[in-house]
S.K.: 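Submitted below is the structure of interest, expressed as structure tokens.
Every heavy atom of this structure was used, including side-chain atoms; hydrogens, water molecules and symmetry mates were not. In this text the structure is predicted, and so the values were computed from the model without any measurement.
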Amino acid sequence: MTYEIEIGRSKRGRRAYSLDDVAVIPSRRTRDPRDVSVQWQIDAYQFEMPVLAAPMDSVMCPETAIAMGKLGGLGVLNLEGLWTRYEDPRPVLEEISTLSEENFSPAATLRMQELYRAPIRPELITSRLAEIRESGVTVAGSLTPQRTQEFYRTVIEAGVDIFVIRGTTVSAEHVSKSQEPLNLKQFIYELDVPVIVGGAAGYTPALHLMRTGAAGVLVGFGGGATTTTRRASGIHSPMASAISDVAAARRDYMDESGGRYVHVIADGGMGASGDIVKAVAMGADAVMLGSALARAEEAPGRGWHWGPEAHHEELPRGDRVRVGTVGPLEEVLWGPSHHTNGTSNLIGALRRSMATTGYSDLKEFQRVEVVVSPYVSDSPDLT
């Protein structure tokens, strides 16, 4: 069977699907939602929900990372963000929230580029991670591949539990004539902590990342609410197909490695609870959320959301977007909900969907039946 379609006389392409294109189907059995477990464990760390908070300045600060941990998830701090560039970044965050109300504003992008030119200070990396560690929750921090070799020793010495290497796309083999690239396999082998790395958007790149020894692979490329990667560079990978492809790589790597399990973590394009449900159904073990958590009252972005692509010095491929506020972080994650569009009680919705389709835990739910259907929106734009 071929999955390719003819685009024209000289080009064929593989058909791919977004999360909007798929839906889960109930089975012959239903369950009481109270009997459903949404616990997730990676390496020695167990969490009450399969949610990582994206390392974005509009989502995570030390306080929200601590709150995320106490609510049963994993907050990942951006170690190249404002909290490691400024002693007190709150005035900077306030200024960003008062920039132009328009999306795709060149003036806002220019000002953000200026604000993010402040140097990263190693002592602030240490103090921010120490603040999180003192609270007793699992400590996670993120660097891009370009900055990992420069700052990883500082991160490890500060006592991080889980290290995240996150970029728009991360490959196991980066070629450069101007500088020595990061050798992921050697780097991960020498570390004493589990490493989550990505994004990857297909079977082959994910398989190569798994072979480096990563504990988890982030799946996604240009699918988040703030990214304009598809518009700026023409690159995009629909999430449903990407997750399924990487889940297949996980399966084949288990056979290849004699049973080593690498977690698949969907990253991007999940603004509502239904997206989380479908990401797990397609094979994800956990999800990394950005815009969904940027709507919390405690979020540093104050109702605005942006990623590192929004202030790239040479080719910004993201925007600062208004997502609004729906309630406290606990309500966003655990409810109770007062919204009908899937923006609050995210975990309650996941639990209920699993119960409705008859599954008792996340691994079982990955086997749920799915269908492909034309997407018709029944809610306002969530981005």
S.K.: Grab the two heavy atoms, one from Ser344 and one from Glu331, that are nearest each other, plus how far apart they are.
M.R.: CB-O, 3.8 Å
S.K.: Say whether, by atom type as modelled, one donor and one acceptor occur between the side chain of Asp267 and the main chain of Val219 under 3.5 angstrom.
M.R.: no
S.K.: Are Phe365 and Val370 co-members of a hydrophobic cluster defined by side-chain heavy atoms under 4.5 Å apart?
M.R.: yes
S.K.: Does a donor on one side chain and an acceptor on the other come within less than 3.5 Å for Tyr116 and Asp57?
M.R.: yes
S.K.: Going from NZ on Lys185 to OG1 on Thr212, what distance comes out if it is rounded to the nearest 0.5 angstrom?
M.R.: 8.5 Å
S.K.: Under the 3.5 angstrom rule, does the side chain of Asp161 hit a backbone N or O of Val139 as a donor-acceptor pair?
M.R.: yes
S.K.: Which atom pair, heavy atoms only, marks the closest approach of Thr343 to Val332?
M.R.: O-CG1, 3.9 Å
S.K.: Do you know which two heavy atoms are closest between Arg15 and Ile5, and how far apart they sit?
M.R.: NH2-CG2, 3.6 Å
S.K.: Is the shortest side-chain heavy-atom distance between Thr148 and Phe187 below 4.5 Å?
M.R.: yes
S.K.: Where is the tightest heavy-atom contact between Met49 and Gly73, given as atom of each residue plus distance?
M.R.: CE-N, 3.4 Å
S.K.: For Val368 versus Ala281, what's the shortest heavy-atom pair and its separation?
M.R.: CG1-CB, 3.4 Å
S.K.: Report yes if the side chains of Phe47 and Leu52 come closer than 4.5 Å at any heavy-atom pair, otherwise no.
M.R.: no
S.K.: Remaining members of Ile7's ILVMFWY cluster at a side-chain heavy-atom cut-off under 4.5 Å?
M.R.: none
S.K.: Do Met56 and Arg166 pass the side chain to side chain contact (heavy atoms under 4.5 Å, CB included) test, and can you show the C-alpha distance, the side-chain angles, and the key distance before you say yes or no?
M.R.: CA-CA 11 Å; Met56 304 167 86; Arg166 183 179 189 255; 4.2 Å; yes
S.K.: Hey, does the side chain of Gln366 reach the backbone of Ala284 with a donor-acceptor pair shorter than 3.5 angstrom?
M.R.: yes
S.K.: Keeping the roles fixed (side chain from Gln113, backbone from His312), state whether a donor-acceptor pair exists under 3.5 Å.
M.R.: yes
S.K.: Looking at Trp306, is Arg320 sitting on its ring face, NZ or CZ under 6.0 Å from the six-membered ring centre and within 45 degrees of the normal?
M.R.: no
S.K.: I'd like to know if the side chain of Thr144 pairs up with that of Glu80 as donor and acceptor (distance under 3.5 Å, no hydrogens or angles considered).
M.R.: yes
S.K.: For the residue pair Met60 and Pro300, what are the closest heavy atoms and their distance?
M.R.: C-CG, 3.9 Å
S.K.: Without swapping roles, check the side chain of Arg351 against the backbone of Arg34 for a donor-acceptor pair under 3.5 Å.
M.R.: no
S.K.: Cluster partners of Met254, using ILVMFWY side-chain heavy atoms under 4.5 angstrom, listed by chain and number?
M.R.: Tyr261
